[in-house]
Novice: 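Here you go, one structure.
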There are 2 protein chains.
Amino acid sequence: MTSPPPDPLAVEVVELIGTVVARYHREYEHAAARYALTGAQARVLSLLCVEPTPMRRIARYFECEPSNVTGIVDRLEARGLVERRPDPSDRRVKIAAATPAGREAAARLRGSLDFAREPLAALSEAERTTLRDLLKRMVGGGAPG
Amino acid sequence: MTSPPPDPLAVEVVELIGTVVARYHREYEHAAARYALTGAQARVLSLLCVEPTPMRRIARYFECEPSNVTGIVDRLEARGLVERRPDPSDRRVKIAAATPAGREAAARLRGSLDFAREPLAALSEAERTTLRDLLKRMVGGGAPG
DNA sequence: TATTGTTATACTCTATAACTATA
DNA sequence: TATAGTTATAGAGTATAACAATA
């Protein structure tokens with residue numbers, strides 16, 4: 001359907017983004033592993049620190065099947081990092097929420113993501129501002145979570 | 001060891017990168033799935049299209065255990081997308097290489113990564129150049145693959 | 001009937017440890 | 001002895017399908 005012109009500059013940027021993505025993702029998994037969390041567990045926990053979320057909505061957020069979320073939340077709950085709460089307005093719904101221990105673990109993990117800040121050291125403040133604005137416009141173009 | 005100052009701008013950029021990474025990664029898996037490939041299979045196949053690579057070096061490249069690579073290459077080989085070749089200079093080594101069918105599949109996949117190019121449409125050519133240069137400097141600061 | 005969450009199942013990815021064949 | 005690749009094993013993520021409880 002879409003037959004975009006083979007813009008060499010766009011290709012180069014896409015490849016660079018691919019490199020950044022691969023590196024970031026790998027480092028994120030490693031950082032999570034240091035807290036005995038898998039990447040998926042860390043991502044769900046981080047989401048639940050922002051806001052308690054029904055199981056179904058977690059699945060929609062990560063674009064995965066609801067059955068996956070059951071297992072991930074099971075394992076987080078078994079370690080006391082997350083709890084399931086009933087939804088007063090709909091007894092079918094279970095709302096997953098981070099416990100204080102979960103919020104603490106997530107905060108420690110977040111603080112350890114130096115690898116993500118480190119490459120920015122090569123840029124001046126003005127350049128970081130430029131980068132931020134360009135990324136914002138790229139991200140803003142997509143569908144909201 | 002590293003106790004970087006809590007620079008709000010850096011934090012914002014890191015969060016934006018996190019968003020880009022999450023979106024790109026998800027879309028990449030979906031795109032690979034459309035060709036009946038897992039993300040890991042697609043990444044290995046793409047690497048082998050660049051250059052035939054010994055099993056051990058594939059593992060080092062992706063920073064995973066060599067035993068993983070065996071299974072991934074097994075499955076790619078079973079579908080005729082990859083083949084193992086002996087290394088004439090060291091009979092212990094097996095060199096994995098993309099077959100013509102594998103290169104074709106990888107090319108089709110690469111062509112379908114519109115999602116990565118699409119957000120760039122919001123940027124002018126000058127802005128893309130700026131973005132490219134900033135990303136280059138970020139990436140260049142890390143360890144070479 | 002439709003929806004929420006779960007269970008059961010099968011496949012893949014991942015790390016660890018032990019094994020083989022070469023070096 | 002050290003290295004390259006594999007096998008065996010176990011835990012985790014994922015999609016599919018079927019199910020109970022609730023709407």
Side-chain angles (χ1 to χ4, degrees), chain A residues 22 25-48 52-79 81-97, chain B residues 22 25-48 52-79 81-97:
Chain A
H25 210 264
R26 215 150 47 190
E27 301 273 4
Y28 187 86
E29 304 273 325
H30 289 349
R34 265 175 252 130
Y35 294 91
L37 292 168
T38 66
Q41 287 167 10
R43 282 186 285 274
V44 169
L45 181 57
S46 295
L47 170 65
L48 299 185
T53 309
M55 301 296 283
R56 204 86 188 180
R57 229 172 81 204
I58 298 174
R60 270 200 302 271
Y61 184 83
F62 290 110
E63 289 181 33
C64 71
E65 294 302 313
S67 58
N68 301 334
V69 179
T70 298
I72 296 170
V73 169
D74 277 354
R75 287 179 275 276
L76 288 170
E77 192 170 32
R79 293 173 52 188
L81 303 176
V82 155
E83 63 182 12
R84 283 171 166 95
R85 301 174 187 160
D87 181 336
S89 69
D90 187 337
R91 285 195 301 172
R92 293 173 303 179
V93 174
K94 290 177 191 168
I95 300 175
Chain B
H25 210 265
R26 215 151 45 191
E27 301 273 5
Y28 187 86
E29 305 273 327
H30 288 348
R34 264 174 255 130
Y35 294 92
L37 291 168
T38 66
Q41 286 166 8
R43 282 185 287 275
V44 168
L45 180 58
S46 295
L47 170 65
L48 299 186
T53 310
M55 301 296 284
R56 204 86 187 183
R57 229 172 82 203
I58 299 174
R60 271 201 302 271
Y61 184 83
F62 289 110
E63 289 181 32
C64 71
E65 293 302 313
S67 58
N68 301 336
V69 180
T70 297
I72 296 169
V73 169
D74 277 353
R75 287 179 275 276
L76 287 171
E77 192 169 32
R79 292 174 52 189
L81 303 176
V82 155
E83 62 183 12
R84 284 169 164 98
R85 301 174 185 162
D87 182 336
S89 70
D90 186 337
R91 287 194 301 174
R92 294 173 304 181
V93 174
K94 288 177 190 168
I95 300 174

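So that the names make sense, note that chain A is the first sequence line, chain B the second, and so on, each numbered from 1. For the numbers below, each heavy atom of this structure counts, side chains included, while hydrogens, waters and symmetry mates do not. In this text the structure is predicted, and so the values were computed from the model without any measurement.
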Novice: Which whole-number value in Å describes the distance from B:His25 NE2 to D:dT14 P?
Specialist: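 In whole Å, D:dT14 P and B:His25 NE2 are 11 Å from each other.
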Novice: Base, sugar-phosphate or nothing for A:Arg91? Non-hydrogen atoms, less than 4.0 Å.
Specialist: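 If one applies the 4.0 Å heavy-atom cut-off, A:Arg91 turns out to touch the sugar-phosphate alone, with no base involved.
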Novice: Quickly work out the A:Met55 CE to C:dT7 C1' distance and round it to whole Å.
Specialist: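 For the pair A:Met55 CE and C:dT7 C1', the rounded distance is 13 Å.
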Novice: What's the closest nucleotide to the A:Lys94 side chain, out of D:dA15, C:dT22, C:dG5?
Specialist: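 From the listed options, C:dG5 comes nearest.
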Novice: What are the two closest non-hydrogen atoms of A:Glu65 and A:Ala59, and how far apart are they?
Specialist: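 Closest pair (atom of A:Glu65, atom of A:Ala59, distance): C-CB, 4.0 Å.
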Novice: Among D:dA23, C:dT7, D:dG5, which nucleotide has an atom closest to any side-chain atom of A:Thr70?
Specialist: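 Between D:dA23, C:dT7, D:dG5, the one nearest the side chain of A:Thr70 would be C:dT7.
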Novice: For a quick test of reading the model, state the closest non-hydrogen atom pair linking B:Ile95 to B:Pro86 and the distance between them.
Specialist: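 Smallest interatomic distance, heavy atoms only, reads CD1-O, 4.4 Å.
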Novice: Is B:Asp87 touching bases, backbone alone, or none of the nucleic acid, heavy atoms closer than 4.0 Å?
Specialist: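 Nothing, no heavy atom under 4.0 Å.
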Novice: Identify which nucleotide among D:dA15, D:dT6, D:dG5 has an atom closest to any side-chain atom of B:Val93, counting heavy atoms from C-beta outward.
Specialist: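 So the side chain of B:Val93 is nearest to D:dG5.
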Novice: Would you tabulate the side-chain donor-acceptor contacts of residues 40-48 of chain A under 3.5 Å, counting partners in other chains and residues two or more places apart, or write 'none'?
Specialist:
| unit_1 | atom_1 | unit_2 | atom_2 | d |
| --- | --- | --- | --- | --- |
| A:Gln41 | OE1 | A:Thr38 | N | 3.2 |
| A:Ser46 | OG | A:Ala42 | O | 2.9 |

Novice: Rounded to whole Å, please give me the gap between CG in A:Asn68 and C1' in C:dC11.
Specialist: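 Checked: the CG to C1' distance equals 13 Å.
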Novice: How long is the line joining CD1 of A:Ile72 and C1' of D:dG11, in whole Å?
Specialist: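 Rounded to the whole Å, the gap is 13 Å.
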Novice: Compare every heavy atom of A:Pro52 with every heavy atom of A:Ala97, then report the nearest pair and how far apart it is.
Specialist: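 In terms of heavy atoms, the two residues are closest at CB-CB, 3.8 Å.
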Novice: Please determine if B:Arg79 and B:Glu77 form a salt bridge, counting it only when a charged side-chain N lies under 4.0 Å from a carboxylate O.
Specialist: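 Judged by the 4.0 Å cut-off on N to carboxylate O distance, B:Arg79 and B:Glu77 do not form a salt bridge.
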Novice: Taking the nucleotide of DNA chain C with the closest heavy atom to each, which residue, A:Asp74 or B:Glu63, is nearer the 5' end?
Specialist: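 Its nearest nucleotide lies further toward 5', so the answer is A:Asp74.
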Novice: The side chain of A:Arg92 is closest to which nucleotide in this list: C:dC13, C:dA2, D:dG5?
Specialist: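 Looking only at heavy atoms from C-beta outward on A:Arg92, the closest nucleotide is C:dA2.
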Novice: Whether the side chain of A:Ser67 and the base of D:dT16 hold a donor-acceptor pair under 3.5 Å is what I'd like checked.
Specialist: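 Side chain to base: pair found, below 3.5 Å.
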Novice: Specify the separation, in whole Å, of atom CZ of A:Arg26 and atom P of C:dT14.
Specialist: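 A:Arg26 atom CZ is separated from C:dT14 atom P by 11 Å.
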Novice: Rounded to whole angstrom units, what separation is found between the CD1 atom of B:Ile95 and the P atom of D:dA4?
Specialist: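 Spelled out: CD1 on B:Ile95 to P on D:dA4 is 13 Å.
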Novice: Contact class for B:Arg84 vs. all strands (heavy atom < 4.0 Å): base, sugar-phosphate, or nothing?
Specialist: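 Contact class for B:Arg84: sugar-phosphate only.
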Novice: Tell me: CZ of A:Arg56 to P of D:dA21, nearest whole Å?
Specialist: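 A:Arg56 atom CZ is separated from D:dA21 atom P by 17 Å.
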Novice: Can you tell me the distance, in whole Å, between the CD atom of A:Gln41 and the P atom of D:dT14?
Specialist: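 After rounding, the reported distance stands at 10 Å.
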Novice: Quick check for you: among C:dA23, C:dT12, D:dA12, whose closest atom lies nearest to any side-chain atom of A:Arg75?
Specialist: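 Among the listed nucleotides, the one closest to the side chain of A:Arg75 is D:dA12.
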Novice: Both A:Glu65 and A:Ser89 contact DNA chain D. Which one's nearest nucleotide lies toward the 5' end?
Specialist: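 Taking each residue's closest nucleotide, the earlier one in sequence belongs to A:Glu65.
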